[in-house]
Structures are given as C-alpha cells and as structure tokens.
Amino acid sequence: MTRAPYRGRFAPSPTGPLHFGSLVAALASYLEARTHHGQWFSRIEDLDPLREPPEATGQILRSLEAHELFADEPVRFQSRRHDAYQDAIKCLITQGDAYRCICSRKQLQENNGRHPNHCRDGHIRPGDQPFAIRFALKDEESHWHDQLLGPQHQTVRAELDDPVILRKEGFYAYQLAVVVDDIDQCITDVVRGSDLLDMTAQQQQIYRALGALPPRWLHIPVILNEQGQKLSKQTHAPALDDEKAARNLFAALEALGQEPPGSLAREPVEHILKWAVGHWRREAIHLTSR
Ligand code: GLU
C-alpha cells in the first residue's frame, strides 16, 4: 500500500505570543514535513475567546513569518469552523458516541467521576437546563506507536474520562476541533509537545467514531524553564524577540539535539533553515527535556 503524501501542521492556541517552547514545536513539525518532502500548514486554534488576548493571533503569525516558517496554504482559523464542529457533534450524538451532560464539575467529583444524572443514557434533551456535550469513550487498553517515543500504552476509561467536546458556555473544545480539522486537512503526521501525549488515545477514539484513520504521532519533549516548569503563558514564558529570529532558530535546533555548528549562529534565517532541513535527525532529539 502506498502512503499518502506527508501533510503536517503547527496548531497553536493563541493564548499569548509565541515563546521558545512553541517555536521548538513549530520547527520540529516544519522540519519533519520538509524532510519528508511533505506539506506543512499552520492552524490557529482560537476556540476560547475568554483565554485569548485579541492581539495574540497576529503576534503568532508575525513570529512565524519572521522565522521564515512559511506554510503551504493560507492559515486556517478554528473560529471560522463552527459549522464543521456542529456537524461532527450531530453525527456523534446520532451514533450514540456523544451525549448531553448537565452534571457540574462538583457533582462529578463527589461521585468519583460517575454521572449522578446518568447523562450517558442519552435522556437529557435540549431544554432550559444548560448542558455540555461529552464524547462517550469506550473502555480500552490503547497500544500505539509514537514516532519518537516508541510503543505507548494508555488506559482509556469510559464515563470517568469522557472529554467535553462542547462546553456549557457554548465553546467547542480542543479535543473535538483538533480531530475534525486534522481529518479535514488530511493531516498524516502530528508533531507536537509531549504535554499532549495523554490526550492521544482519546483522540484516536474520536477519529474512529468520525470514520477516519488516525495519523502518525510524534511527541517532542516540552521545554522547561530554570525552575523545571513547562514554558507556557501560565509560567510567564517570555515572548520571542522576532528581531533575533536567527538566534532563536539556532537555539531551537540545539534544544532539539541537532548540534548545529557554531558558525551557523551568525548566518541569516534562510541559511539556518536550509542547514536544518539538510541535517535533520529525528533520533537526535533528547528524550528528556532540559
Ligand atoms: N492547540 C494545541 C496547543 O496549542 C495544540 C494542538 C495539537 O498540536 O494537537 O496546545
């Protein structure tokens, strides 16, 4: 069987400007795509306006451009894809793979994750009580292969782990939207930070429920700050300085274990990326984050 041509993506949630950790993820997915002679896309996962400062999307796109990480198609915005998510939810509910849930977080906690309102039976009808929609997971011992980390084993627990796919406030959730768009964009390979590793087995079930084959996954170690915390908005990771794009890319290659020669540090962005595509070695990525 011939493999579908490689299609990869970088899919940031615009909760703030790009920081060094997100650049490392963007660069790894870009280099994987380029060295597979594949295509690479960027997708802004702007699903939650309450967590997204309005300027963040522009900042992210400008940073990607400054680092010359050019995508092969115009950027996609999840905020413009609500119809597709709604269709997917309709289909999942009809199939019995999703259900309306009126339980509060507190009720679930008090019941060890079981639904005191028995929402999974599908008896909650759209009415005046606010409800979320959850995906109905199946109990599963999931075994799958990560392109970098090797064999993976995750336990998926029906009911206890059922993820929200449409929040009570009316926002579509990451777990659904990421799968719907990766299917729609025919993404063959997902390269992302290992903070999302635990989501993968659940996402595989959503792929299957939507009648699609899951992609290959490659999870790179997350970048830690000096205190050992993941670089993120919550840990106050500083925004990348786009004026120092060459230096940032050089440092990102080092963080990915690629050992770029010191002389490259003084080269323009274009040369650094060219070197990186020519010398990319997935197996050199450090498995423990630094
Ligand atoms: N939007 C997600 C994030 O920024 C990443 C999605 C993914 O790569 O699966 O954490």
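As the structure lists them, so they are numbered: ligands from 1, and atoms in each ligand from 1. Please read all numbers here as calculations on a predicted model, not as lab measurements. For this chain, numbers begin at 1 and follow the sequence in order.
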Neighbouring residues of ligand 1, heavy-atom cut-off under 4.0 Å: Arg9, Ala11, Pro12, Ser13, Glu45, Tyr174, Val178, Arg192, Leu196
Heavy atoms from other residues, nucleotides or ligands near CD of Glu73 exceed 12 (cutoff 6.0 Å): yes
Exceeds 12 heavy-atom contacts within 6.0 angstrom, atom NE2 of His123: yes
Common cluster, Val164/Val179, ILVMFWY with side-chain heavy-atom separation under 4.5 Å: no
Aromatic ring pairing Tyr6/His36, orientation class (parallel under 30°, perpendicular over 60°, tilted between): parallel
Pairs involving residues 17-29, ordered by first then second residue, that meet salt bridge (Lys or Arg N to Asp or Glu O under 4.0 Å) (sequence neighbours left out): none
Pair His82 + Tyr172: ring centers closer than 6.0 Å: yes
